[in-house]
*Asks:* 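Encoded as structure tokens, here's the structure I'll be asking about.
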There are 2 protein chains.
Amino acid sequence: MPSTVGPLSAVKVLPEPAGLPGPLPEPAVEDLRLETVLGALSDPLRLLIVRKLLLESEQFDHPCGWFGIDRPKSSLTHHFKALREAGVTRQRQYGLERRSHVRVADLNARFPGLLDLVAAWTPDAP
Amino acid sequence: MPSTVGPLSAVKVLPEPAGLPGPLPEPAVEDLRLETVLGALSDPLRLLIVRKLLLESEQFDHPCGWFGIDRPKSSLTHHFKALREAGVTRQRQYGLERRSHVRVADLNARFPGLLDLVAAWTPDAP
DNA sequence: TCGACTGTACGAGTCTGATCGTACTGCATG
DNA sequence: CATGCAGTACGATCAGACTCGTACAGTCGA
């Protein structure tokens with residue numbers, strides 16, 4: 001997984017007209033890479049985040065605090081950014097909060113069945 | 001991805017009666033972990049290996065040389081070991097060679113659809 | 001028995017990612 | 001305007017992975 005989104009030419013950069021809720025920079029659907037997405041999902045914490053989004057929301061965006069993860073804010077920022085830059089989630093700025101949801105349609109179009117595996121995943125045991 | 005197979009209790013250790021072609025140590029089906037498998041598949045080189053095994057063999061084992069990858073032997077050993085320890089491939093010792101194949105049945109049982117994504121993957125572009 | 005061959009083990013160098021503290025930005029509400 | 005809050009940016013630290021050279025082990029055929 002690259003530290004940045006990748007070559008800037010491949011990134012949807014929406015300058016975002018001062019304060020309006022628009023999606024943060026993310027890879028376009030056609031630029032989603034399987035190895036990058038799998039890398040983003042190879043972390044248990046991020047798997048937990050995506051699974052929770054899939055099972056308990058799907059239609060609404062959620063801020064970081066909604067997940068109830070007991071980690072420092074800077075750690076959460078790191079993981080949410082990783083998910084967004086891999087193309088797994090989309091983030092929008094709603095006033096104070098930055099809310100996330102899974103790019104279900106995009107991921108199902110490019111990697112059908114992948115999200116089912118995430119939804120069926122369990123944090124620890126068999 | 002752990003550097004070892006994991007807790008030794010969770011590893012199928014077949015003492016392998018002196019020279020007979022038996023599977024090398026690998027995680028049991030029920031011990032396969034999604035995050036570990038995804039981590040193993042998040043590397044382009046390993047994705048290439050698994051895809052080649054899926055598309056061009058499926059029924060037969062193949063030694064490292066068969067893949068025609070232009071890397072030092074020690075690098076290849078590293079990746080084949082990573083795949084085996086994650087439970088993606090099985091390796092058997094046939095005389096001189098150590099041959100690999102994908103654990104198709106096991107992976108389809110635990111993570112249905114995952115191998116289809118790997119088979120559909122392309123090394124570089126959309 | 002002596003190479004030739006396949007693959008491993010071990011170690012070093014390098015790099016990336018995970019974690020987290022601290023300081024900061026931006027928005028909202030009083 | 002002042003305060004509080006959500007989240008980021010930056011930097012440090014640490015662990016793990018990737019890459020590879022070198023040395024070694026086991027097997028097969030001449």
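Every chain is numbered from 1, with letters handed out A, B, ... down the list of sequences.
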*Asks:* Side chain of B:T77: nearest nucleotide among C:dC20, C:dT8, D:dC18?
*Replies:*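 In terms of side-chain proximity for B:T77, the closest of C:dC20, C:dT8, D:dC18 is C:dT8.
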*Asks:* Could you go step by step and tell me if A:F67 and A:L76 meet the side-chain contact (heavy atoms from CB on, under 4.5 Å) rule?
*Replies:* CA-CA 10 Å; A:F67 295 87; A:L76 296 183; over 6 Å; no
*Asks:* Go through D:dT22, C:dC20, C:dT19 for me and flag the one nearest to the A:S74 side chain.
*Replies:*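 Selected nucleotide: C:dC20.
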*Asks:* In a check of side chain to side chain contact (heavy atoms under 4.5 Å, CB included) between A:R51 and each of A:L117, A:L115, A:L41, A:V118, which one passes?
*Replies:*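 It is A:V118; the other options fail the test.
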*Asks:* Return the value, rounded to whole Å, for the distance between atom CZ of B:R92 and atom P of D:dG26.
*Replies:*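 It is 22 Å, rounded to the nearest whole Å.
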*Asks:* C:dT16 P sits how many Å from A:E35 CD, rounded?
*Replies:* 16 Å
*Asks:* Toward the 5' end of DNA chain C, which comes first, B:H78 or A:P72, by nearest nucleotide?
*Replies:*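 Counting from the 5' end, the first nearest nucleotide belongs to B:H78.
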*Asks:* So A:Q91 and A:S100, side-chain hydrogen bond (donor to acceptor under 3.5 Å, both in side chains) or not? Walk me through it.
*Replies:* CA-CA 4 Å; A:Q91 288 185 294; A:S100 303; 3.2 Å; yes
*Asks:* In whole angstrom, give the distance that lies between atom NZ of A:K73 and atom C1' of D:dC5.
*Replies:* 7 Å
*Asks:* Side chain of A:R98: nearest nucleotide among C:dT19, C:dG7, D:dG7?
*Replies:*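 The nucleotide sitting nearest to the side chain is D:dG7.
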*Asks:* Measure the distance from NZ on B:K81 to P on D:dC18 and round it to the nearest whole Å.
*Replies:*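 Taking atom P of D:dC18 as the reference, NZ of B:K81 is at 12 Å.
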*Asks:* When the distance from CG of A:L45 to P of C:dA18 is rounded to whole Å, what number comes out?
*Replies:*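 Interatomic distance, CG of A:L45 to P of C:dA18: 10 Å.
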*Asks:* Applying side chain to side chain contact (heavy atoms under 4.5 Å, CB included) between A:R110 and each of A:V29, A:L34, A:D31, report the one that passes.
*Replies:* A:V29
*Asks:* Between B:Q93 (CD) and C:dT6 (C1'), how many Å, whole number?
*Replies:* 9 Å
*Asks:* In whole angstrom, what separates A:E85's CD from C:dA18's P?
*Replies:*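 One finds 11 Å between P of C:dA18 and CD of A:E85, rounded.
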*Asks:* Answer yes or no: does a side-chain N or O of B:R46 lie under 4.0 Å from OP1 or OP2 of D:dC18?
*Replies:*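 Yes, such a contact exists.
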*Asks:* Whole Å only: how far is the CG atom of A:D43 from the C1' atom of D:dA15?
*Replies:* 14 Å
